[in-house]
2 protein chains.
Amino acid sequence: MLEFYRWDRGQDRIMPSPLEKARQEPESMKGRILAAARRLFGEYGFSGVTTRMLAREVGIDISTLYYHWGEKQDLYDAVMADLSCEIRAKLREIEGMVRGATLSHRLEVAIDVMCDWLFDHPEAARLMLSSYMGKSRSAPDAHVPIKEHIANIAVAMGLALDRTRVPARANARVLTVWNSAVNFTAGEDFFLPMLGVDRDEYRSVVKETLKFILIPAFTLPPAA
Amino acid sequence: MLEFYRWDRGQDRIMPSPLEKARQEPESMKGRILAAARRLFGEYGFSGVTTRMLAREVGIDISTLYYHWGEKQDLYDAVMADLSCEIRAKLREIEGMVRGATLSHRLEVAIDVMCDWLFDHPEAARLMLSSYMGKSRSAPDAHVPIKEHIANIAVAMGLALDRTRVPARANARVLTVWNSAVNFTAGEDFFLPMLGVDRDEYRSVVKETLKFILIPAFTLPPAA
DNA sequence: AGAGAATTCCATCATTTGTTGGAAACCTAT
DNA sequence: ATAGGTTTCCAACAAATGATGGAATTCTCT
């Protein structure tokens, strides 16, 4: 009976049912563990978190943790799969919000909404960053499949016509903005004192800067 | 005799002599250990590296490692202090290269040189990123003091007159470009396949994108 | 060559960490 | 209430990890 968690192995494309339930029911033990894991992994990285830290954070025994999610690596994979799903949903939501609007309006809304979400989920930004830099000692490629997301944005923003053939330059520009948003949210504690502002100012300065930088990159003709 | 490494404790402002020597003599044991530590810490993070991994990488015993640098945390601190020094020197070098040139030329050269250096030192970029996100389980604030660097760039680029009073917006713009460069170099293995280009193309696309994005941000009047 | 210092290694220790078996507690349906 | 399944905890284990004492080796200088 220690094996049923294997249900959700290797299913990061279509949302696996147990993972979905775990997130939808944050009061369930599975959900509480997932949430705690996300918080801690986001804060300390994969090898910076011990199973005992996790168990203590939830207030349970280590075995309960293994009962629900199996090995540490499996739990980490679940966190990443969950995160990937959430991001995909968020991007779809944004895409729906701005459909049909002008380009500049699209940009404005996309940055606003995405930044708000990231600022409210700094652990998500941190998880993505460590996923980029990769090479965790024992973790293989549990990457967030951000590639399609970026390509979709590039198409939505008019930088490419076909989402299967996005120019490298277009992807690079989208990536730059995306990474900047992730950076400023993941490193808020570090960058905020550098700018000498308070929390609210920080967030508005970040948004403003991203918009300021993004607009010309996407509205100028695709020269060079 | 196991204590002389304490010499370079808490001296990250003025370059401590042993650290300097260790880097200047890369053949010395101290230097070899420092270089290996930098490589591994950059790849796996602080808690992702064990003292045995380090010793094995250098081809020595664990005790030798402790003899030269003391605890793991001290070695990590030394790596960060060394890195900070190197970055400072690099930025000074760039400042010297572009002094007196036009703004656009300054930007061009700064991005080119900095990117080249970062691409040749991806572990440096990774170390900086993990330093930003911080909160290593046992590591305190062994941060790279990037604040002054950013402020200096802002002044050099004409975004501020006084380096002690740089507007938050100016800092944010410099930071955006800086972070983008760090991101693209630290995550080369992850982003390169996303763009579907080879190594050389990747590097030129990154530089090009940064320049394309940077120029308007620094040449437009300080509106908003 | 040899005394004394500096450097490296071997063996070891106490903790920490990932992981599991099995007993206890809790539900749920009859 | 009680049988059967589910969930949680206690105890423990093997391996890995950070760290050190001390012996052995190498280096340096006369």
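A, B, ... follow the sequence lines: proteins, then strands. Residue 1 opens every chain. Given the structure is predicted, the values throughout are model-derived calculations rather than measurements.
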**Q.** For atom CZ of B:Arg56 and atom P of C:dC9, their distance in whole Å
**A.** 15 Å
Q: With salt bridge (charged side-chain N to carboxylate O under 4.0 Å, His left out) as the test, would you mind laying out the steps for B:Glu93 and B:Lys90 before giving the verdict?
A: CA-CA 5 Å; B:Glu93 180 193 325; B:Lys90 198 73 198 170; 3.4 Å; yes
Q: Compare the minimum distances between each of C:dT19, C:dC9, D:dA19 and the side chain of B:Ile60, then state the nucleotide with the smallest one.
A: C:dC9
Q) Do A:Tyr67 and A:Met29 have side chains that get closer than 4.5 Å, going by heavy atoms? A) no
Q | Flag side-chain contact, heavy atom, 4.5 Å: B:Val58 against B:Leu65 | A | no
Output one line per pair: protein atom, nucleotide atom from nucleotides 24-27 of chain D, and distance, for all N/O pairs under 3.5 Å.
none

Q: Write down the distance between NZ (A:Lys30) and P (D:dT6), rounded to a whole number of angstrom.
A: 14 Å
Q.
As a test of reading the structure: which of C:dT8, D:dT7, C:dT17 is closest to the side chain of A:Tyr67, going by heavy atoms?
A. D:dT7
(Q) Taking salt bridge (Lys or Arg N to Asp or Glu O under 4.0 Å) as the criterion, tell me which of A:Asp198, A:Asp120, A:Asp112 meets it with A:Arg203. (A) A:Asp120
Q: Indicate yes or no for a side-chain donor-acceptor contact from A:Lys72 to the backbone of A:Val49 under 3.5 Å, with no hydrogens or angles considered.
A: yes
(Q) As a test of reading the structure: which of D:dA19, C:dT8, C:dT19 is closest to the side chain of A:Lys72, going by heavy atoms? (A) C:dT19
Q. Choosing from C:dT19, D:dT8, D:dT17, which nucleotide comes nearest the side chain of B:Arg52?
A. D:dT17
Q. Whole Å only: how far is the CG atom of A:Leu75 from the P atom of C:dG18?
A. 11 Å
Q) What integer distance in Å separates B:Leu65:CG from D:dT17:C1'? A) 13 Å
Q) Please give, in whole Å, the distance from D:dA12 P to A:Asp61 CG? A) 14 Å
(Q) Tell me the interatomic distance from B:Glu71, atom CD, to D:dT17, atom C1', rounded to whole angstroms. (A) 14 Å
Q: Give a yes or no on whether the backbone of B:Leu127 and the side-chain of B:Ser131 come within a donor-acceptor separation of less than 3.5 Å.
A: no
Q: Please name the pair of heavy atoms, one in A:Glu188 and one in A:Phe119, separated by the smallest distance, quoted to 0.1 Å.
A: OE1-CD2, 3.5 Å
Q. Taking the six-membered ring for Trp, are the ring centroids of B:Phe191 and B:Phe184 within less than 6.0 Å of each other?
A. yes
Q: Mark yes or no for a side-chain to base donor-acceptor pair under 3.5 Å between A:Ser63 and C:dT19, with no hydrogen or angle criteria applied.
A: no
Q: Would you mind telling me which of D:dA19, C:dG18, D:dC9 lies closest to the side-chain atoms of A:Thr64?
A: D:dC9
Enumerate the protein-to-nucleotides 25-28 of chain C contacts in which both atoms are nitrogen or oxygen and the separation is below 3.5 Å.
none

(Q) Quick check: do B:Phe41 and B:Met80 have side-chain heavy atoms less than 4.5 Å from each other? (A) no
Q: Check every strand shown and say whether B:Ile62 touches a base, only sugar-phosphate, or nothing at a heavy-atom separation below 4.0 Å.
A: base
**Q.** Shortest non-hydrogen separation from B:Asn171 to A:Met194 and the atoms involved
**A.** ND2-O, 3.7 Å
Q: Calculate the interatomic distance between B:Tyr66 atom OH and C:dC10 atom P; express it in whole Å.
A: 17 Å
Q | Between P of C:dT19 and CG of A:Leu54, the distance in whole Å | A | 12 Å
Q) So does A:His68 get a side-chain nitrogen or oxygen closer than 4.0 Å to the phosphate oxygens (OP1/OP2) of D:dT6? A) no
Q.
The side chain of B:Thr51 is closest to which nucleotide in this list: D:dG18, D:dT7, C:dT17?
A. D:dG18
